[in-house]
Student: 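First the structure, then my questions, so here it is.
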Amino acid sequence: MADSVADRLLAWYDQHGRKNLPWHEDRTPYRVWVSEIMLQQTQVTTVIPYYEAFMARFPDVKSLAEAPVDDVLQHWSGLGYYARARNLQKAAKAVMADHGGEFPKDQEQLEALTGIGRSTAAAILAQAHGIRASILDGNVKRVLARYHAVHGWPGQTAVLRALWEHAEQHTPHERVRDYTQAIMDLGAMVCTRRKPDCEHCPLADDCEARAQGLTAALPESKPKKAKPEKETWLLMIEDDAGNLLMERRPPSGIWGGLWSLPELDTAITLDELPEVAERELGIACDDAQPLSVFRHTFSHYHLHIHPVRLRHAGTAAEMDNSDLAWQPREDAPTLGIPSPIRKLLTQPEQTTLL
DNA sequence: CACGCGTGGGA
DNA sequence: TTCCCAAGCGT
């Protein structure tokens with residue numbers, strides 16, 4: 001009989017595993033936690049520079065808890081899934097208020113923190129404390145779905161239950177920290193979604209998917225729907241000094257909590273625009289000019305964006321509305337701004353024409 | 001439970 | 001150009 005899955009993964013990890021990622025040094029619960037949240041649905045190479053900057057600005061839970069939310073969102077700007085950033089700070093405040101500034105070493109209490117689910121809680125326990133806990137991220141799901149030839153899409157309850165069961169069965173009692181990293185690394189480096197490198201896989205000998213010729217077919221993926229087309233109108237209101245009017249988006253929905261251009265979700269004529277802007281925003285403007293329409297693709301839909309330029313005569317006064325702010329067009333470094341909007345502001349001529 | 005939530009890179 | 005995906009979680 002071959003060595004256990006854990007033994008083979010650990011031996012492979014010693015030879016080939018990733019050990020020099022930024023969050024591998026000084027594995028405090030805080031540093032592990034921030035890395036795990038950033039890495040949710042986000043690739044390692046994307047995360048690295050964000051992680052470095054975030055840690056420099058917010059070196060510990062206390063600094064994160066006490067920071068202005070716009071400061072946190074600014075450091076998340078471009079990473080996507082912005083609820084993660086808001087939840088991160090909410091959890092940091094809870095750690096300060098309810099746990100004396102120390103992360104609980106308990107799965108249940110970790111999961112009670114906003115944004116920490118079963119897998120992230122386990123990762124913190126295993127990586128920061130070496131406590132035996134099982135993770136099940138996309139990499140592990142793929143490895144286990146193939147090794148055990150689990151059919152069905154991982155969103156299905158029965159499939160998820162089976163995968164969690166396998167994950168817990170394989171988790172060793174020793175070297176949990178390395179094992180957790182090892183099985184993720186195998187999924188990321190060998191047992192990849194496309195073109196898996198089975199020749200160099202330590203689990204190939206008794207991999208069920210390999211034996212049955214199902215490697216490419218597993219894990220199965222959810223049947224997808226066509227992306228709907230949506231439309232929106234964005235107001236680029238500029239004053240005489242070249243400042244643009246920005247508006248904070250509502251906390252839920254796309255780009256929640258970030259700063260963007262004032263938005264209208266219904267078409268209106270250019271003639272009506274100044275009146276609507278005055279009524280909705282309290283800003284007097286004129287000279288409405290349509291710019292080139294462009295299309296931005298999100299995960300679940302396409303968005304046709306109609307930018308309209310408006311002029312605000314005079315220089316902007318202080319706003320009494322905290323969800324509106326005048327910002328220089330070139331750089332708005334203290335605010336979290338979504339990438340497509342940032343692009344529109346800084347290089348409007350380079351946006352794709354329709 | 002199904003869906004909403006972003007972005008940049010690769011095929 | 002277009003599609004798909006990558007260290008999930010909240011609702």
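Per chain, numbering begins at 1; letters A, B, ... match sequence-line order. Note that these values count all heavy atoms, side chains included, but never hydrogens, waters or copies made by symmetry.
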Student: Of all the choices, dA6(C), dT7(B), dG6(B), which nucleotide is nearest to the side chain of Y81(A) once you look at every atom?
Tutor: dG6(B)

Student: Hey, does N243(A) have a side-chain heavy atom less than 4.5 Å from the side chain of Q327(A)?
Tutor: no

Student: Can you classify the ring geometry of Y30(A) versus F103(A) as parallel (below 30°), tilted (30 to 60°) or perpendicular (above 60°)?
Tutor: tilted

Student: How about Q212(A) and E208(A): does a side-chain donor come under 3.5 Å of a side-chain acceptor?
Tutor: yes

Student: Mind checking G78(A) for me? I need base, sugar-phosphate or nothing, with any heavy atom below 4.0 Å counting as a touch.
Tutor: sugar-phosphate

Student: Parallel, tilted or perpendicular: which fits the ring planes of H296(A) and F298(A), with parallel below 30° and perpendicular above 60°?
Tutor: perpendicular

Student: Does K225(A) make a side-chain N or O approach to OP1 or OP2 of dA2(B) shorter than 4.0 Å?
Tutor: no

Student: So does R249(A) pair up with E263(A), basic N to acidic O under 4.0 Å?
Tutor: yes

Student: Closest-nucleotide mapping onto DNA chain B: is K222(A) or Y82(A) further toward the 5' terminus? I mean the 5' end.
Tutor: K222(A)

Student: For R193(A) and dA11(B), is the shortest distance between a side-chain N/O and OP1 or OP2 below 4.0 Å?
Tutor: no

Student: Tell me which residues in residues 16-45 of chain A lie within less than 4.0 Å of DNA chain B, going by non-hydrogen atoms.
Tutor: Q41(A), T42(A)

Student: On DNA chain C, check which nucleotide each of T192(A) and S119(A) is closest to and give me the residue with the more 5' one.
Tutor: T192(A)

Student: Taking ILVMFWY side chains as joined if any heavy atoms are under 4.5 angstrom apart, and letting links pass through other members, which residues group with L203(A)?
Tutor: V5(A), L9(A), L10(A), W12(A), Y13(A), I135(A), L136(A), V140(A), V143(A), L144(A), Y147(A), V150(A), V159(A), L160(A), L163(A), W164(A), Y179(A), I183(A), M184(A), L186(A), M189(A), V190(A)

Student: Report which part of the nucleic acid I116(A) touches: base, sugar-phosphate, or nothing (heavy-atom distance under 4.0 Å, all strands).
Tutor: sugar-phosphate

Student: Using the P atom in both, what is the distance from dG6(B) to dT11(C), to the nearest Å?
Tutor: 14 Å

Student: When you measure only distances, ignoring hydrogens and angles, does the side chain of S299(A) come within 3.5 Å of the base of dG6(B) through a donor and an acceptor?
Tutor: yes

Student: Side chain of H300(A) only, heavy atoms from C-beta on: which candidate in dT2(C), dT7(B), dG4(B) is closest?
Tutor: dG4(B)

Student: In terms of the nearest nucleotide of DNA chain B, which residue is placed more toward the 5' end: G256(A) or K195(A)?
Tutor: G256(A)

Student: Heavy atoms only, 4.0 Å cut-off, all strands: where does G253(A) land among base, sugar-phosphate and nothing?
Tutor: sugar-phosphate

Student: Go through dG10(C), dA11(B), dG6(B) for me and flag the one nearest to the R194(A) side chain.
Tutor: dA11(B)

Student: So, R161(A) and E165(A), do they make that salt bridge, N to O below 4.0 Å?
Tutor: no

Student: Among dT7(B), dC5(B), dC9(C), which is the nearest nucleotide to the side chain of T120(A)?
Tutor: dC9(C)

Student: Does dG6(B) have OP1 or OP2 under 4.0 Å away from a side-chain N or O of W76(A)?
Tutor: no

